[in-house]
S.K.: 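Take this structure, written in structure tokens, and hold onto it; I'll ask about it next.
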Amino acid sequence: RDLNSAKLYTRPLHQGSYFILITAAAIALLLILILFARLHAFLALFLVSIGLGFAAGLPPAKVLTSMQAGVGDALSFIAVVVGLGAMIGRFLQYSGGGRVLADWLLAKAGPNHAQWAALITAFLVGLPVFFEIGFIILVPLAWSLARESKRSLLLFGLPFAAALTVTHALVPPHPAPSVAAQLMGADTGHVILWGALLSIPLMIVAGIFYGGWISRRISPAIPALAGAEEPKAESESAPPSLALTIFLLLLPVLLIVTATVAAFCHLPALSVYKFFGHPFMALLLTTLACMYFLGRRRGLKGERITKLATESLAPLATLLLIIGGGGALKQVIVDSGIGSYLGKLLAESALSPLIVCFLTSAGLRAAHGSATVAIFTAAGILAPLMKQLHG
């Protein structure tokens, strides 16, 4: 085995079985450290990466250089995407733009179709805005609708939660699908397009059908923190217009998807489409547009705009460290030759690689609870295997 290129020339049967054993043990250890030892996911990923590297026979120096390369590879793309996405969400939250869209859709839909209005609102808000921010923006509406209609909170809360959750897990520029697309070598534009399309039936089933069914059986109390009055936007200025809100919500997705369509249709000036459709540029332009339309034009000074942008970045440290930990584990799997061997084993078996990916990520999600951590970890473990398959 050449440790620098991770090319395998021979693989005795007993060594292959050993690779399977230590990989399974590494995954089990990762879950034990997170679930039972209550160790931070970043530390658990780092310790498991070191242990797996030693067990696979990598020299100590090689283990550390592999981990360093893996962290850099994982964060080189996603750190920019996560940072810009957080800024966009913060300005939409501050200005009250998300509420403008929600109020308009609810007024148009009427009380009998409030579920659908809630679902569409959450889908549009959830495309560029992180789950946590979107939920903070929209959950007061669920409280208000449940209070006014005297119906179950789940009837309105689950459409919000379903749409935000599905887009958070499937549609870049959200962190988890962005990392998975990068590690798997997928085109971000295609992932956005198919992820958004797949989100539609999933959120309808979970938010509308299941939400309607379970709301007839369970009616949780509106939480005390809802208060007597709905919270207002932080900004004292009038909220942005509906058209501007929709434009800013869809702008990054439209830019990225347009570049994908241009490449598929072989349009002239393709390099221009690719430049503005790259996630970096699409999110940067949207961030600058939010700063101008939701900040400068609404009377905010440069110092306040900078403060809002800085506030949005503060909670990202843990997220980025976990992403880096997943990248370190991935690189150890690659450089040790485990990924190459298990990938070839998977290619020769009758087991569908899609089922392997699904069961691994679903198991991690059930064990840890965080979709983001589950997707990072599963993609880090499985990307080296999947790259051995054709197509």
Side-chain angles (χ1 to χ4, degrees), residues 85-86 88-149 151-177 192-193 195-215 220 222-223 226 230-231 233 239-240 242-254 286 290 371-372:
I88 293 169
R90 182 69 182 102
F91 279 94
L92 285 167
Q93 179 187 7
Y94 174 82
S95 66
R99 289 296 303 272
V100 170
L101 174 62
D103 290 341
W104 182 80
L105 283 172
L106 289 169
K108 290 293 183 182
N112 293 331
H113 300 97
Q115 260 189 302
W116 286 96
L119 190 78
I120 295 170
T121 300
F123 177 69
L124 293 175
V125 170
L127 287 176
V129 175
F130 293 171
F131 176 90
E132 294 87 347
I133 297 173
F135 195 80
I136 289 171
I137 293 173
L138 297 177
V139 73
L141 286 172
W143 297 334
S144 176
L145 289 168
R147 186 186 295 117
E148 293 173 5
S149 66
R151 303 177 75 178
S152 172
L153 179 60
L154 297 180
L155 184 67
F156 309 105
L158 280 179
F160 285 137
L164 291 171
T165 298
V166 172
T167 53
H168 180 77
L170 292 180
V171 186
H174 288 280
I192 289 177
L193 183 61
L197 291 175
L198 181 59
S199 297
I200 295 173
L202 291 176
M203 67 184 190
I204 290 174
V205 170
I208 300 298
F209 297 145
Y210 176 72
W213 178 81
I214 197 66
S215 67
I222 298 174
E230 293 185 36
L242 174 67
L244 177 60
T245 299
I246 295 176
F247 169 74
L248 293 174
L249 286 171
L250 297 181
L251 179 58
V253 175
L254 290 176
T286 305
C290 287
T372 301

S.K.: With rounding to the nearest 0.5 Å, note down the distance linking CD1 in Ile133 to OH in Tyr94.
M.R.: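 Between atom CD1 of Ile133 and atom OH of Tyr94 there are 15.5 Å.
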S.K.: Between atom CG of Leu101 and atom CG of Leu106, what is the distance when rounded to the nearest 0.5 Å?
M.R.: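 If I round to the nearest 0.5 Å, the distance is 9.0 Å.
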S.K.: Looking at every heavy atom in both Ser199 and Gly195, which two are closest together, and how far apart are they?
M.R.: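 Closest pair (atom of Ser199, atom of Gly195, distance): OG-O, 2.6 Å.
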S.K.: With side chain to side chain contact (heavy atoms under 4.5 Å, CB included) as the test, would you mind laying out the steps for Val139 and Phe160 before giving the verdict?
M.R.: CA-CA 8 Å; Val139 73; Phe160 285 137; over 6 Å; no
S.K.: Given Thr372 and His168, is the side chain to side chain donor-acceptor pair (under 3.5 Å) satisfied, shown in steps?
M.R.: CA-CA 8 Å; Thr372 301; His168 180 77; 3.0 Å; yes
S.K.: Answer yes or no: is there a side-chain heavy-atom contact under 4.5 Å between Val171 and Pro177?
M.R.: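 Side-chain contact under 4.5 Å: no.
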S.K.: Is there a side-chain contact between Phe130 and Pro175 in this structure, where contact means two heavy atoms from C-beta onward sitting under 4.5 Å apart?
M.R.: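 Touching, per the 4.5 Å side-chain cut-off.
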S.K.: Donor-acceptor pair, Ser215 side chain versus Gly212 backbone, under 3.5 Å?
M.R.: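 Flag set: sc Ser215 to bb Gly212 pair under 3.5 Å.
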S.K.: Which heavy atom in Ala161 sits nearest to a heavy atom in Thr165, and how many Å separate them?
M.R.: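 Looking at all heavy atoms of both residues, the closest pair is O-OG1, 2.7 Å.
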S.K.: To the nearest 0.5 Å, tell me how far Ile88 CD1 sits from Thr286 OG1.
M.R.: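 Result: 5.0 Å between the selected atoms.
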S.K.: Check whether any side-chain heavy atom of Trp116 lies under 4.5 Å from a side-chain heavy atom of Ile204, and answer yes or no.
M.R.: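 SC-SC contact between Trp116 and Ile204 confirmed.
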S.K.: Return the minimal non-hydrogen interatomic distance between Gly211 and Gln115, and the atom names on each side.
M.R.: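 That closest heavy-atom pairing would be C-NE2, 4.2 Å.
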S.K.: Taking the side chain as everything from C-beta on, heavy atoms only, tell me whether Leu141 gets closer than 4.5 Å to Asp103.
M.R.: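 Yes, their side chains come closer than 4.5 Å.
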S.K.: Any chance CZ of Phe131 has more than 12 other-residue heavy atoms, nucleotides or ligands included, within less than 6.0 Å?
M.R.: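 Enclosed.
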S.K.: Do Arg99 and Pro140 have side chains that get closer than 4.5 Å, going by heavy atoms?
M.R.: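 Counting from C-beta outward, Arg99 and Pro140 do come under 4.5 Å.
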S.K.: Measure across Ala102 and Leu138 and return the closest heavy-atom pair with its distance rounded to 0.1 Å.
M.R.: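 Heavy-atom minimum between the residues: CB-CD2, 4.2 Å.
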S.K.: Before you tell me yes or no, could you show the steps for Leu202 and Leu170 under side chain to side chain contact (heavy atoms under 4.5 Å, CB included), namely the whole-Å CA-CA distance, both residues' side-chain angles and the distance that decides it to 0.1 Å?
M.R.: CA-CA 11 Å; Leu202 291 176; Leu170 292 180; 3.9 Å; yes
S.K.: Kindly compute the distance separating CG (Leu164) from CG (Leu127), expressed to the nearest 0.5 Å.
M.R.: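 Those atoms lie 10.0 Å apart.
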S.K.: Measuring only between side-chain heavy atoms, which start at C-beta, is Pro239 closer than 4.5 Å to Ser95?
M.R.: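 The answer is no, as the side chains (C-beta and beyond) never meet within the 4.5 Å cut-off.
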S.K.: What's the separation between atom CG in Leu155 and atom CD1 in Ile208, rounded to the nearest 0.5 Å?
M.R.: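 Taking CG in Leu155 and CD1 in Ile208, the distance rounds to 8.0 Å.
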S.K.: Contact between Leu158 and Tyr210 at the side-chain level, heavy atoms closer than 4.5 Å - yes or no?
M.R.: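 A side-chain contact exists here, since the closest heavy-atom pair is under 4.5 Å.
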S.K.: Restricting to non-hydrogen atoms, name the atom on Gln93 and the atom on Ile136 that form the minimum distance, rounded to 0.1 Å.
M.R.: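 Closest heavy-atom pair between Gln93 and Ile136: NE2-CG2, 3.7 Å.
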S.K.: Do Pro128 and Leu249 make a side-chain contact, defined as non-hydrogen atoms from C-beta onward lying under 4.5 Å apart?
M.R.: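 Yes, close enough: below the 4.5 Å cut-off.
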S.K.: Considering all heavy atoms of both residues, which atom of Gly98 and which atom of Thr121 are nearest to each other, and what is their separation?
M.R.: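 That would be O-CG2, 4.4 Å.
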